[in-house]
Amino acid sequence: DAKTTQPNSMESNEEEPVHLPCNHSTISGTDYIHWYRQLPSQGPEYVIHGLTSNVNNRMASLAIAEDRKSSTLILHRATLRDAAVYYCILRDMGYALNFGKGTSLLVTP
Amino acid sequence: DVKVTQSSRYLVKRTGEKVFLECVQDMDHENMFWYRQDPGLGLRLIYFSYDVKMKEKGDIPEGYSVSREKKERFSLILESASTNQTSMYLCASSLWEEAFFGQGTRLTVV
(Lines give C-alpha, C1' and ligand atoms only; values in the text may rest on other atoms or scores of the structure.)
Protein backbone atom coordinates (compact mmCIF):
# COMPACT_ATOMS: atom_id res chain seq x y z
CA ASP A 1 0.00 0.00 0.00
CA ALA A 2 1.18 3.46 -0.83
CA LYS A 3 1.85 5.43 2.34
CA THR A 4 1.46 9.05 3.28
CA THR A 5 3.56 11.23 5.57
CA GLN A 6 2.05 14.13 7.52
CA PRO A 7 3.35 16.32 10.33
CA ASN A 8 2.15 15.19 13.74
CA SER A 9 0.73 18.59 14.64
CA MET A 10 0.24 22.11 13.38
CA GLU A 11 -1.04 25.30 14.88
CA SER A 12 -2.94 28.17 13.31
CA ASN A 13 -4.55 31.41 14.33
CA GLU A 14 -8.26 31.80 13.94
CA GLU A 15 -9.41 33.40 10.67
CA GLU A 16 -6.09 32.75 8.96
CA PRO A 17 -5.49 30.26 6.13
CA VAL A 18 -4.07 26.86 7.00
CA HIS A 19 -1.99 24.70 4.68
CA LEU A 20 -1.78 21.06 5.74
CA PRO A 21 0.91 19.15 3.82
CA CYS A 22 0.99 15.50 2.83
CA ASN A 23 3.80 13.57 1.13
CA HIS A 24 3.02 10.46 -0.88
CA SER A 25 6.09 9.73 -2.97
CA THR A 26 5.04 6.14 -3.81
CA ILE A 27 1.60 7.07 -5.13
CA SER A 28 0.42 4.98 -8.08
CA GLY A 29 -1.38 6.25 -11.14
CA THR A 30 -4.76 4.98 -9.94
CA ASP A 31 -4.56 6.30 -6.37
CA TYR A 32 -6.92 9.10 -5.46
CA ILE A 33 -5.91 11.47 -2.68
CA HIS A 34 -8.56 11.70 0.02
CA TRP A 35 -8.70 13.92 3.07
CA TYR A 36 -10.78 13.25 6.16
CA ARG A 37 -10.93 14.97 9.50
CA GLN A 38 -11.95 13.81 12.93
CA LEU A 39 -13.38 16.26 15.41
CA PRO A 40 -13.04 15.44 19.11
CA SER A 41 -15.28 12.57 20.21
CA GLN A 42 -16.66 12.02 16.71
CA GLY A 43 -16.11 9.65 13.83
CA PRO A 44 -14.07 10.88 10.85
CA GLU A 45 -15.80 12.95 8.19
CA TYR A 46 -14.97 13.36 4.53
CA VAL A 47 -13.37 16.63 3.49
CA ILE A 48 -12.27 16.39 -0.14
CA HIS A 49 -10.58 14.17 -2.70
CA GLY A 50 -8.81 14.50 -6.05
CA LEU A 51 -6.72 12.70 -8.63
CA THR A 52 -4.58 15.17 -10.57
CA SER A 53 -6.25 18.56 -10.71
CA ASN A 54 -6.77 20.95 -7.83
CA VAL A 55 -10.21 20.65 -6.25
CA ASN A 56 -12.42 23.04 -4.33
CA ASN A 57 -15.53 22.48 -2.25
CA ARG A 58 -17.36 24.31 0.48
CA MET A 59 -15.06 22.96 3.19
CA ALA A 60 -11.59 23.25 1.69
CA SER A 61 -9.31 23.23 -1.33
CA LEU A 62 -6.94 20.49 -2.37
CA ALA A 63 -3.75 21.41 -4.20
CA ILE A 64 -1.97 18.49 -5.87
CA ALA A 65 1.63 18.73 -7.04
CA GLU A 66 2.26 18.20 -10.72
CA ASP A 67 4.18 14.97 -10.05
CA ARG A 68 1.46 13.92 -7.57
CA LYS A 69 4.04 13.09 -4.91
CA SER A 70 2.62 15.62 -2.50
CA SER A 71 -0.59 17.50 -1.82
CA THR A 72 -1.83 20.28 0.44
CA LEU A 73 -5.19 20.70 2.09
CA ILE A 74 -6.07 24.36 2.37
CA LEU A 75 -8.54 25.73 4.88
CA HIS A 76 -9.11 29.28 3.70
CA ARG A 77 -10.15 30.75 7.03
CA ALA A 78 -9.61 28.58 10.06
CA THR A 79 -12.22 28.65 12.80
CA LEU A 80 -12.12 27.10 16.26
CA ARG A 81 -14.44 24.39 14.93
CA ASP A 82 -11.74 23.32 12.47
CA ALA A 83 -9.57 22.01 15.31
CA ALA A 84 -9.34 18.32 14.49
CA VAL A 85 -7.07 15.53 13.31
CA TYR A 86 -6.69 15.67 9.52
CA TYR A 87 -5.92 12.49 7.61
CA CYS A 88 -4.44 12.28 4.14
CA ILE A 89 -5.22 8.92 2.53
CA LEU A 90 -4.45 7.30 -0.80
CA ARG A 91 -7.26 5.17 -2.11
CA ASP A 92 -7.43 3.11 -5.25
CA MET A 93 -10.96 2.79 -6.56
CA GLY A 94 -12.91 0.15 -4.69
CA TYR A 95 -10.27 -0.45 -2.06
CA ALA A 96 -10.20 0.24 1.64
CA LEU A 97 -9.40 3.51 3.33
CA ASN A 98 -6.17 3.12 5.29
CA PHE A 99 -5.76 5.90 7.81
CA GLY A 100 -2.42 6.91 9.25
CA LYS A 101 -1.97 9.00 12.37
CA GLY A 102 -2.87 12.29 10.72
CA THR A 103 -2.06 15.87 11.65
CA SER A 104 -3.56 17.34 14.79
CA LEU A 105 -4.56 20.92 14.02
CA LEU A 106 -4.79 23.38 16.88
CA VAL A 107 -6.60 26.65 16.19
CA THR A 108 -6.05 29.48 18.62
CA PRO A 109 -8.20 32.59 19.00
CA ASP B 1 -29.93 12.34 6.02
CA VAL B 2 -27.39 9.57 5.46
CA LYS B 3 -26.71 7.41 8.42
CA VAL B 4 -24.36 4.76 9.76
CA THR B 5 -25.64 3.42 13.05
CA GLN B 6 -23.65 1.41 15.53
CA SER B 7 -25.73 -0.55 17.99
CA SER B 8 -24.05 0.64 21.18
CA ARG B 9 -22.08 3.72 22.22
CA TYR B 10 -20.60 2.02 25.28
CA LEU B 11 -20.14 -1.65 26.04
CA VAL B 12 -18.51 -3.49 28.93
CA LYS B 13 -17.74 -7.19 28.50
CA ARG B 14 -15.84 -9.82 30.43
CA THR B 15 -12.69 -11.56 29.25
CA GLY B 16 -13.54 -14.65 27.23
CA GLU B 17 -17.02 -13.51 26.22
CA LYS B 18 -18.13 -13.56 22.59
CA VAL B 19 -18.92 -10.00 21.58
CA PHE B 20 -20.95 -8.76 18.63
CA LEU B 21 -20.66 -5.18 17.39
CA GLU B 22 -23.36 -4.30 14.90
CA CYS B 23 -23.33 -1.65 12.20
CA VAL B 24 -26.19 -0.70 9.90
CA GLN B 25 -26.15 1.76 6.97
CA ASP B 26 -29.11 3.13 5.05
CA MET B 27 -27.29 4.31 1.92
CA ASP B 28 -27.19 1.08 -0.12
CA HIS B 29 -23.38 1.17 -0.08
CA GLU B 30 -21.37 -1.82 -1.25
CA ASN B 31 -18.35 -1.11 0.94
CA MET B 32 -18.34 -1.35 4.71
CA PHE B 33 -15.42 -1.15 7.13
CA TRP B 34 -14.50 -1.81 10.75
CA TYR B 35 -11.71 0.15 12.44
CA ARG B 36 -10.36 0.41 15.93
CA GLN B 37 -8.85 3.58 17.30
CA ASP B 38 -6.36 3.73 20.14
CA PRO B 39 -4.44 6.72 21.53
CA GLY B 40 -1.22 7.28 19.62
CA LEU B 41 -2.02 4.61 17.02
CA GLY B 42 -4.63 6.33 14.89
CA LEU B 43 -7.37 4.41 13.07
CA ARG B 44 -6.42 0.88 12.11
CA LEU B 45 -8.44 -1.20 9.66
CA ILE B 46 -9.64 -4.54 11.00
CA TYR B 47 -11.80 -5.85 8.15
CA PHE B 48 -13.70 -4.51 5.20
CA SER B 49 -16.40 -5.89 2.97
CA TYR B 50 -17.04 -4.90 -0.64
CA ASP B 51 -20.24 -6.91 -1.11
CA VAL B 52 -22.61 -9.23 0.71
CA LYS B 53 -20.75 -12.27 2.04
CA MET B 54 -17.43 -10.84 0.80
CA LYS B 55 -14.72 -9.74 3.20
CA GLU B 56 -11.08 -8.78 3.21
CA LYS B 57 -8.64 -8.64 6.10
CA GLY B 58 -7.29 -5.26 7.05
CA ASP B 59 -4.13 -4.49 8.99
CA ILE B 60 -5.11 -6.08 12.32
CA PRO B 61 -7.63 -8.91 11.82
CA GLU B 62 -6.25 -11.22 14.52
CA GLY B 63 -8.83 -11.99 17.20
CA TYR B 64 -11.71 -10.69 15.08
CA SER B 65 -14.12 -12.02 12.50
CA VAL B 66 -16.91 -10.37 10.52
CA SER B 67 -20.24 -11.22 9.00
CA ARG B 68 -22.15 -9.57 6.18
CA GLU B 69 -25.31 -11.47 5.39
CA LYS B 70 -27.24 -8.42 4.20
CA LYS B 71 -25.99 -5.38 2.33
CA GLU B 72 -26.95 -2.92 5.03
CA ARG B 73 -25.46 -4.76 8.00
CA PHE B 74 -21.82 -5.50 8.87
CA SER B 75 -21.03 -7.21 12.15
CA LEU B 76 -17.71 -7.40 13.96
CA ILE B 77 -17.25 -10.42 16.18
CA LEU B 78 -14.76 -10.86 18.98
CA GLU B 79 -14.72 -14.63 19.40
CA SER B 80 -13.16 -14.51 22.87
CA ALA B 81 -12.75 -10.98 24.14
CA SER B 82 -9.43 -10.03 25.72
CA THR B 83 -8.36 -6.93 27.62
CA ASN B 84 -6.13 -5.80 24.74
CA GLN B 85 -9.29 -5.45 22.65
CA THR B 86 -10.46 -2.59 24.84
CA SER B 87 -10.76 0.21 22.32
CA MET B 88 -12.99 2.55 20.33
CA TYR B 89 -14.51 0.72 17.37
CA LEU B 90 -15.69 2.65 14.33
CA CYS B 91 -17.79 1.41 11.45
CA ALA B 92 -17.97 3.10 8.05
CA SER B 93 -19.67 2.61 4.71
CA SER B 94 -18.99 4.03 1.27
CA LEU B 95 -19.31 3.72 -2.41
CA TRP B 96 -15.82 4.48 -3.63
CA GLU B 97 -15.77 8.22 -2.95
CA GLU B 98 -17.01 9.59 0.36
CA ALA B 99 -17.11 7.31 3.37
CA PHE B 100 -19.55 7.86 6.22
CA PHE B 101 -18.72 6.87 9.77
CA GLY B 102 -20.79 5.88 12.74
CA GLN B 103 -20.35 7.48 16.13
CA GLY B 104 -18.28 4.63 17.47
CA THR B 105 -18.58 1.99 20.17
CA ARG B 106 -16.30 2.27 23.16
CA LEU B 107 -15.70 -1.30 24.26
CA THR B 108 -14.15 -2.12 27.60
CA VAL B 109 -13.11 -5.69 28.31
CA VAL B 110 -12.61 -6.43 32.00
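Note on naming: letters A, B, ... go to the chains in the order of the sequence lines (proteins, then strands), and numbering restarts at 1 for each one.
Ranked by heavy-atom pairs shorter than 4.5 Å toward chain A, the options B/Q37, B/R44, B/E30 are led by B/Q37.
Proximity to chain A involves both the backbone and the side chain of B/L43, based on heavy atoms less than 4.5 angstrom apart. Looking at B/E56, there are no atoms closer than 4.5 Å to chain A (heavy atoms on both sides), in backbone or side chain.
A side-chain N or O of A/R37 and one of A/Y86 form a donor-acceptor pair less than 3.5 Å apart.
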- Message: Please determine whether ring pair (Phe, Tyr, Trp, His ring centres under 6.0 Å) holds for the pair B/Y35 and A/Y87, giving the CA-CA distance in whole Å, both sets of side-chain angles, and the decisive distance to 0.1 Å.
- Response: CA-CA 14 Å; B/Y35 297 87; A/Y87 298 95; 9.6 Å; no
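Residues A/G29 and A/L51 approach most closely at O-CD1, 4.1 Å, considering heavy atoms.
Taking the side chain as every heavy atom from C-beta outward, A/L105 and A/L75 approach each other to under 4.5 Å.
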